[in-house]
*Asks:* 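The structure is given below, and queries will be raised subsequently.
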There are 2 protein chains.
Amino acid sequence: MESSDIKKAGLKLTLPRVKILEILEKSERRHFSAEDVYRNLIDEGEEIGLATVYRVLTQFESAGLVSRHHFDSGHSVFELNQGAHHDHILCVRCGKVDEFVDETIEKLQHDIAERAGYQMTDHVLYIYGICADCQKDTG
Amino acid sequence: MESSDIKKAGLKLTLPRVKILEILEKSERRHFSAEDVYRNLIDEGEEIGLATVYRVLTQFESAGLVSRHHFDSGHSVFELNQGAHHDHILCVRCGKVDEFVDETIEKLQHDIAERAGYQMTDHVLYIYGICADCQKDTG
DNA sequence: ATGTAAATGAAAACGCTTCTCATTACTATT
DNA sequence: AATAGTAATGAGAAGCGTTTTCATTTACAT
């Protein structure tokens, strides 16, 4: 994933787009809200508007560079598309996000869709729970 | 499910609550947005505010009478809790909602949570696709 | 009947996201 | 390197679903 991907997506190479892609790539974090990205930009001294962040993230999504998730219903979370497909498991206490893959579940979903007469286009699987750390904290 | 369930939930028996529960019960529809419920009330000549609809649905959710889903990220969808747990498969063209249960997936989710050190509290599984009817319509 | 706390309706506020529009910047062409 | 033409940007307003506020009304225990 590099700036050339921006051009491949048919988007002009502009500072906001390059900076936003950099933030998604360089951070050890993997999941960002638009606000998260915006604050990172401000911290780096970049004067990029929140509207632009939303626009660029949406364009990146259309281009297949990032995925958008709706973990908790309140706001969107963006994640750079790298590595294979995976689902998410989230801590309802601390907000931690882990990832997992289960081939059996993947296959079963296709089977279910087929049996129901649907041509499957996508799926969403979130597991919510209390992570190991949070279980220790409050019993 | 009857009005007595409202009392059991520790809620006073009021006209808005009774009417809303009625709508959820009587309709052949199973999934309602707050707006859907509100419009049904208006159509029946009830002068109940949208704020009340939201409040009552939220209370019903806390009481375990209804479940709230976030199918498409835009708005919440409510469903009366009756029958067993099930997941949803949705048509991205016409918005149809079907339901399914898969014990294997249910079990695998628990296993995954356990393996990741999480104490599972909930899960969300939505399959998106094009339903049989919509496949016919546009090929 | 009566008192008290809970519930309601209307409107305002809210948080996240998108839109508007005047200005700026990128890229292709000369 | 200069220019033209289109796309991208920033700031603020608007949009949308939802929640809150607050004065008024209602249900329920006494």
Side-chain angles (χ1 to χ4, degrees), chain A residues 3-23 31-63 65-79 95, chain B residues 2-23 31-42 44-63 65-79 95:
Chain A
S3 8
S4 66
D5 289 310
I6 293 173
K7 289 200 139 179
K8 280 184 207 154
L11 299 168
K12 285 188 183 171
L13 202 60
T14 63
L15 191 124
R17 301 214 255 240
V18 172
K19 284 291 172 195
I20 290 172
L21 188 53
E22 267 182 30
I23 284 171
H31 303 91
F32 293 85
S33 68
E35 272 287 327
D36 291 335
V37 173
Y38 177 67
R39 259 183 273 116
N40 267 279
L41 289 167
I42 298 303
D43 290 351
E44 293 184 5
E46 299 297 338
E47 306 212 321
I48 294 173
L50 183 55
T52 300
V53 173
Y54 273 104
R55 257 187 310 239
V56 169
L57 288 173
T58 302
Q59 291 159 346
F60 283 3
E61 186 194 9
S62 302
L65 269 56
V66 307
S67 297
R68 184 194 296 242
H69 306 291
H70 304 280
F71 290 145
D72 59 1
S73 90
H75 60 304
S76 297
V77 172
F78 298 86
E79 170 181 18
Chain B
E2 13 170 331
S3 7
S4 66
D5 290 309
I6 294 173
K7 288 202 138 177
K8 279 184 208 153
L11 299 168
K12 285 186 184 173
L13 202 61
T14 63
L15 189 125
R17 302 214 254 241
V18 172
K19 285 293 172 190
I20 290 172
L21 187 54
E22 267 182 29
I23 285 171
H31 303 91
F32 294 84
S33 68
E35 271 288 328
D36 291 335
V37 173
Y38 177 66
R39 260 183 273 117
N40 267 278
L41 289 167
I42 298 302
E44 293 184 6
E46 298 299 337
E47 306 212 322
I48 293 173
L50 184 54
T52 300
V53 173
Y54 275 103
R55 258 186 309 236
V56 169
L57 287 173
T58 302
Q59 292 159 346
F60 282 2
E61 187 193 10
S62 303
L65 268 56
V66 307
S67 298
R68 183 193 298 241
H69 306 292
H70 304 280
F71 291 144
D72 59 3
S73 88
H75 60 304
S76 298
V77 172
F78 298 85
E79 171 182 17

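Letters A, B, ... are given to chains in the order of the sequence lines, protein chains preceding strands, and every chain is numbered from 1.
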*Asks:* Supply the atom-to-atom distance A:Ile6 CD1 to A:Leu21 CG, rounded to the nearest 0.5 angstrom.
*Replies:* 5.0 Å
*Asks:* Show me the protein contacts with nucleotides 23-30 of chain C, counting only N or O atoms at under 3.5 Å.
*Replies:*
from   : atom 1 : to      : atom 2 : distance (Å)
C:dC26 : O2     : A:Lys12 : NZ     : 3.3
C:dT27 : OP1    : A:Leu13 : N      : 3.0

*Asks:* Scan residues 10-20 of chain A for pairs that pass side chain to side chain donor-acceptor pair (under 3.5 Å), counting only residues two or more places apart or in two chains.
*Replies:* A:Arg17-A:Gln59
*Asks:* Tell me the interatomic distance from B:Ile48, atom CD1, to C:dG9, atom P, rounded to whole angstroms.
*Replies:* 6 Å
*Asks:* Give every donor-acceptor pair under 3.5 Å between a side-chain atom in residues 37-45 of chain A and any protein atom, sequence neighbours left out.
*Replies:*
from    : atom 1 : to      : atom 2 : distance (Å)
A:Asn40 : ND2    : A:Asp36 : O      : 2.9

*Asks:* Between A:Phe32 and A:Val66, is any pair of side-chain heavy atoms under 4.5 Å apart?
*Replies:* no
*Asks:* For a 4.0 angstrom threshold against heavy atoms of chain A, report the outermost contacting nucleotides of DNA chain D in 5' to 3' order.
*Replies:* D:dT6 to D:dG12
*Asks:* Not counting sequence neighbours, which residues clear side chain to side chain donor-acceptor pair (under 3.5 Å) with B:Ser62? List them please.
*Replies:* none
*Asks:* Do nucleotides 14-19 of chain C as a string where each nucleotide becomes B, S or -: B if the base has a protein heavy atom under 4.0 Å, S if just the sugar-phosphate does, - if no protein is that close.
*Replies:* --SBBB
*Asks:* What residues, two or more places apart in sequence or in another chain, satisfy salt bridge (charged side-chain N to carboxylate O under 4.0 Å, His left out) together with A:Lys8?
*Replies:* A:Asp5
*Asks:* The criterion is side chain to side chain donor-acceptor pair (under 3.5 Å); which residues satisfy it with B:His75, sequence neighbours excluded?
*Replies:* none
*Asks:* What distance do B:Leu11 atom CG and B:Leu13 atom CG have between them, rounded to the nearest 0.5 Å?
*Replies:* 9.5 Å
*Asks:* Of all residues at least two apart in sequence or in a different chain, which pass the side chain to side chain contact (heavy atoms under 4.5 Å, CB included) check with B:Ser76?
*Replies:* B:Arg68, B:His70, B:Phe78
*Asks:* Listed by chain and number, what are the ring-ring contact (aromatic ring centres under 6.0 Å, His included) partners of B:Phe71, not counting sequence neighbours?
*Replies:* B:His31, B:His69, B:His88, B:Tyr126
*Asks:* Does the B:Thr58 side chain pair with the main chain of B:Tyr54, one donor and one acceptor, at a distance under 3.5 Å?
*Replies:* yes
*Asks:* What residues, two or more places apart in sequence or in another chain, satisfy side chain to side chain donor-acceptor pair (under 3.5 Å) together with A:Glu22?
*Replies:* A:Lys26
*Asks:* Angle between the end axes of the helix from C:dA1-D:dT30 to C:dT30-D:dA1, five pairs per end, to the nearest 10 degrees?
*Replies:* 30°
